[in-house]
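In the text below, chain A, chain B and the rest are named by the order of the sequence lines, each starting its count at 1.
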Amino acid sequence: MEIHVSGAVEGLLDEVVVRRLISFAGAIAGPIHVKNGKSQLLEKLAGYNQAASIAPWIVVVDLDQDEECAPLFRHRWLPTKSDLMLFRIAVREVESWLIADRERLAKFLSVPVSDVPVACESLGNPKQIMIDLASRSRRRDIRTDMVPRSGSGRHEGPAYTSRLIEFVIRGDLWRPHIAATNCRSLDSCLARLKGLVGSS
Amino acid sequence: MRKRGGVSSLRCLAARRYSEVAIRVRVGDDDNEAEWEYELRLNQDRLRRPSIRREFVAHNGKEILVRPDSKDKKDPERLTQTYLEQVHANQQFRDLATFLTTIRYLHIVPQLVREPDRSIGRVNDPYGGDFLEQLARTPDKTRNARLRSISEALKVAVPQLKELELARDVRGSPHLRGKYEHWRPQGAWQTEVEFSDGTLRLLGLLWALLDKTGPLLLEEPELSLHPDVLRYIPQMFARIQRRTGRQVVVSTHSTDLLNDKGIGLDEVLLLIPSAEGTEVCLANSFREIVELLKGGISLADAVVPRTRPHRAEQLALFGS
């Protein structure tokens, strides 16, 4: 039987990651609610939790610099969780989950593998690490797309998101199961997602 | 000027009497931002014809042309024509003149695409009146390649659309045909008459982007499009721009467009209405906007309130 999993995420990159994880777990992605940032997502959490009383749901948020550990964060925002709700926290940002597939990310960004950090979950600011990596890319198009121009006043380049979306959706690049061996929050998210799909 | 109804209708509404209309252009690249400079100031003569008050061209900071010159003073009739538009007068700045003719303005009105009879005789109509003719004029190979990559991109927004092609009807008029897939194995062909407004607008936008010519001016590309499609448009522009070097200038009210985190504060111009006319300001000239962004507020939330018409709340009282 086909299992449909709905979801809610912070942004466009998180959306494609969640879609990829859902299909990796053997289910079909239903509607994914893409919010504009964490606060908007958390505001609506009670609604998603209500919907998860009748069908499987996954909500992924970035831990960012908020709390010391993910369980505390989870408890604060969703003390009573519906049976079919999967509330997962990326430590510290979804970029960590992409950095965790070191070989493929290095290939995609055209940087030496040794430059990609091993301990992806202990990075204070994974997005900044991703941009630093891109700035060392041998490919000019990667640098232009991902690294912010000086004077732009922004933290990311004009096509940063679209480049990482490409990394996630092109079948021959990001491997969730390999990344999971290197990243605890992704590993437990995948395991719980498979469990949710198996029990539904 | 004629199309827009002469100098008096182009003048700033808030301006005092007899104000001039001025256009100043700087053309260059990242290394040399002002390779060319052009300025045109206009007013009208006693017969209400547009008359040049100043025409100025400089190349790398060196003056090439300053009008009115002594000949203009002797024969004021000359001031009804710019040197820019005359091939025998613009040899020294032909590159600039040619570049300015490559600027395209696009604001597809789906109904005009569907009913080309309304726009007979128009060439390069920004509203899409001769859009199908433009497609037909493009060499077959280029057109088919572009339609293939457009239908690939459109699949995201219109998943049932599988193929796009240009076909002529019995009278020889060109039509866009799209193959929509459904439960019947052969699917169904539909033409631009049946395409939705959003499909037609997105199609026109993608076609224009693939045209690797001069700067492209787009008016509110958000119209008729699903917000989830819109969110990807700034990223799409950025990638195409990197590849083709084509400058894209967009006017918008859309928060979905402005929420993109890759849009630089130095590339957003706010049009702020005031009693003295509309003021155009760079977003990064407001310290408050810079601070709001640092505090995690999105670009849309930071800039849109500043462009709101004064007294917009009065609309709540309409009809009472």
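- Note: A/L12 leads A/V34, A/T144, A/L12 in heavy-atom pairs under 4.5 Å with chain B.
- Dense packing is recorded around CD of B/E313, with more than 12 heavy atoms of other residues, nucleotides or ligands lying under 6.0 Å away.
- Listed in order of number, the residues of residues 154-163 of chain A that approach chain B to under 4.5 Å between heavy atoms are A/R154, A/E156, A/G157, A/P158, A/A159, A/Y160, A/T161, A/S162, A/R163.
- In terms of heavy-atom pairs under 4.5 angstrom with chain A, the leader among B/L265, B/N284, B/D260 is B/L265.
- Residue B/H253 places its NE2 atom among 12 or fewer non-hydrogen atoms of other residues, nucleotides or ligands, all under 6.0 Å distant.
- To the nearest 0.5 angstrom, A/S152 atom OG is 11.0 Å from B/I263 atom CD1.
- Chain B forms the most heavy-atom pairs under 4.5 Å with one residue out of A/E166, A/M146, A/R140, and that residue is A/E166.
- With values rounded to the nearest 0.5 angstrom, A/N36 atom CG is found 8.5 Å from B/T255 atom OG1.
- Highest contact tally toward chain A, considering only B/D228, B/L293, B/D256, B/N259, is held by B/N259 [criterion: heavy-atom pairs under 4.5 Å].
- The CG atom of B/D266 sits 8.5 Å away from the OG atom of A/S150 when rounded to the nearest 0.5 Å.
- Environment of CZ in B/R143: crowded, with over 12 heavy atoms of neighbouring residues, nucleotides or ligands closer than 6.0 Å.
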Starting from the C-alpha separation in whole Å, work towards a yes-or-no answer on side-chain contact (heavy atoms from CB on, under 4.5 Å) for B/R231 and A/E15. CA-CA 12 Å; B/R231 286 181 184 159; A/E15 180 194 1; over 6 Å; no

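- Counting non-hydrogen atoms of neighbouring residues, nucleotides and ligands closer than 6.0 angstrom, the CD atom of A/Q50 reaches no more than 12 such neighbours.
- The number of heavy atoms from other shown groups lying within 6.0 Å of CG (B/N32) is above 12.
- Contacts from residues 104-127 of chain A to chain B, taken as heavy-atom pairs separated by less than 4.5 Å, involve A/K127 in sequence order.
- By the neighbour-count criterion of 12 heavy atoms within 6.0 Å, atom CZ of B/R308 is densely surrounded, having more than that number from other residues, nucleotides or ligands.
- Taking a 6.0 Å sphere around CZ of B/R306, one finds it holds more than 12 heavy atoms contributed by other residues, nucleotides or ligands.
- Crowding of A/R136 atom CZ: a count of heavy atoms from other residues, nucleotides or ligands under 6.0 Å exceeding 12.
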